[in-house]
Amino acid sequence: MNYWLLKSEPDVFGIDHLQRFNETIWDGVRNYQARNFLQTARVGDLAFFYHSNVEPIGIAGLCKIVEANIADPSQFDPRSTYYDPKSNLAAPRWWTVKVQFVEKFANVISLETLRQQFQPDDLIIIRKGNRLSVTPVSEATALRLLEMA
DNA sequence: GCCAACGTTGGC
DNA sequence: GCCAACGTTGGC
């Protein structure tokens with residue numbers, strides 16, 4: 001099993017939304033490196049839910065992948081902000097997963113705490129200038145994060 | 001294939 | 001609101 005970190009702005013979609021909806025298709029990823037990570041995610045993998053651009057910044061909860069290799073439906077929807085006219089049904093360009101709510105942490109693991117506890121090599125999210133919205137997390141790091149939650 | 005220009009992200 | 005960092009675009 002693998003571990004991931006999914007980044008989102010809670011003003012748009014946060015852990016509270018996921019708790020309310022229980023499941024969601026993680027749509028709108030339009031970065032090839034992030035997409036490639038998503039394509040390797042498998043059912044049963046766990047993903048940390050990171051809140052960006054908000055106070056407090058940090059890991060707010062946990063979810064799990066319940067469906068893998070979904071062609072992101074928003075790429076085909078002209079009304080969607082994620083619409084991609086260069087994609088098509090026969091050869092979808094953007095792939096994603098469906099995630100299910102697992103847990104909202106009692107306290108957000110803050111970015112400051114993450115920086116104190118981990119090295120940039122261990123946790124991509126704390127690397128300077130990182131903008132990837134989907135990143136892998138090693139098992140060792142994941143287990144430590146789960147203990148901190 | 002290079003790279004300047006541009007738009008976006010996201011912490012501060 | 002600022003701005004550094006980054007990815008993408010498009011002219012050449």
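Letters A, B, ... are given to chains in the order of the sequence lines, protein chains preceding strands, and every chain is numbered from 1. The figures that follow rest on heavy atoms only: side chains count, while hydrogens, waters and symmetry mates do not.
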**Request:** Give a yes/no answer on whether the side chain of A:Tyr50 brings an N or O atom under 4.0 Å of OP1 or OP2 in B:dT9.
**Result:**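 For B:dT9, OP1/OP2 do not have a side-chain N/O of A:Tyr50 under 4.0 Å.
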**Asked** Which distance, rounded to the nearest 0.5 Å, do you find between the CG of A:Asn130 and the CG of A:Leu123?
**Response**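 These two atoms lie 9.0 Å from each other.
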**Asked** Counting N and O atoms only, with roles assigned by atom type, does the side chain of A:Gln19 sit under 3.5 Å from a partner on the main chain of A:Lys104, one being a donor and the other an acceptor?
**Response**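 Such a contact is absent between A:Gln19 side chain and A:Lys104 backbone.
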Nearest whole Å is fine: how far is [N] [atom2] from [X] [atom1]?
X	N	atom1	atom2	answer
A:Leu123	B:dG11	CG	C1'	15 Å
A:Arg30	C:dC6	CZ	P	23 Å
A:Ile125	C:dA5	CD1	P	17 Å
A:Glu112	B:dG11	CD	C1'	13 Å
A:Asn130	C:dA4	CG	C1'	14 Å
A:Gln33	B:dT8	CD	P	20 Å
A:Arg127	B:dG10	CZ	P	16 Å
A:Asp11	B:dG10	CG	P	13 Å

Select one nucleotide: of [options], the one nearest the side-chain heavy atoms of [X].
X	options	result
A:Tyr32	B:dG11, C:dT8, B:dT8	C:dT8
A:Ser52	B:dG11, B:dG7, C:dT9	B:dG11
A:Lys128	B:dG10, C:dA5, C:dT8	C:dA5
A:Lys86	C:dT9, B:dT9, B:dC12	C:dT9

**Heavy-atom check, side chain of A:Asp11 versus side chain of A:Asn53, under 4.5 Å** =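 In short, these two side chains do not touch, never coming nearer than 4.5 Å.
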**Residue whose nearest DNA chain C nucleotide is more 5′ - A:Asn31 or A:Asn53** =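 Closer to the 5' end of DNA chain C: A:Asn53.
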**Message:** One thing to verify: whether A:Arg30 and A:Asp84 come together as a salt bridge, which I'm taking to mean a side-chain N less than 4.0 angstrom from a carboxylate O.
**Reply:**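 Answer for the salt bridge query: no.
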**Item:** Shortest non-hydrogen contact between A:Ile65 and A:Trp4, atoms and distance
**Value:**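 Of all heavy-atom pairs spanning A:Ile65 and A:Trp4, the closest is CD1-CD1, 4.2 Å.
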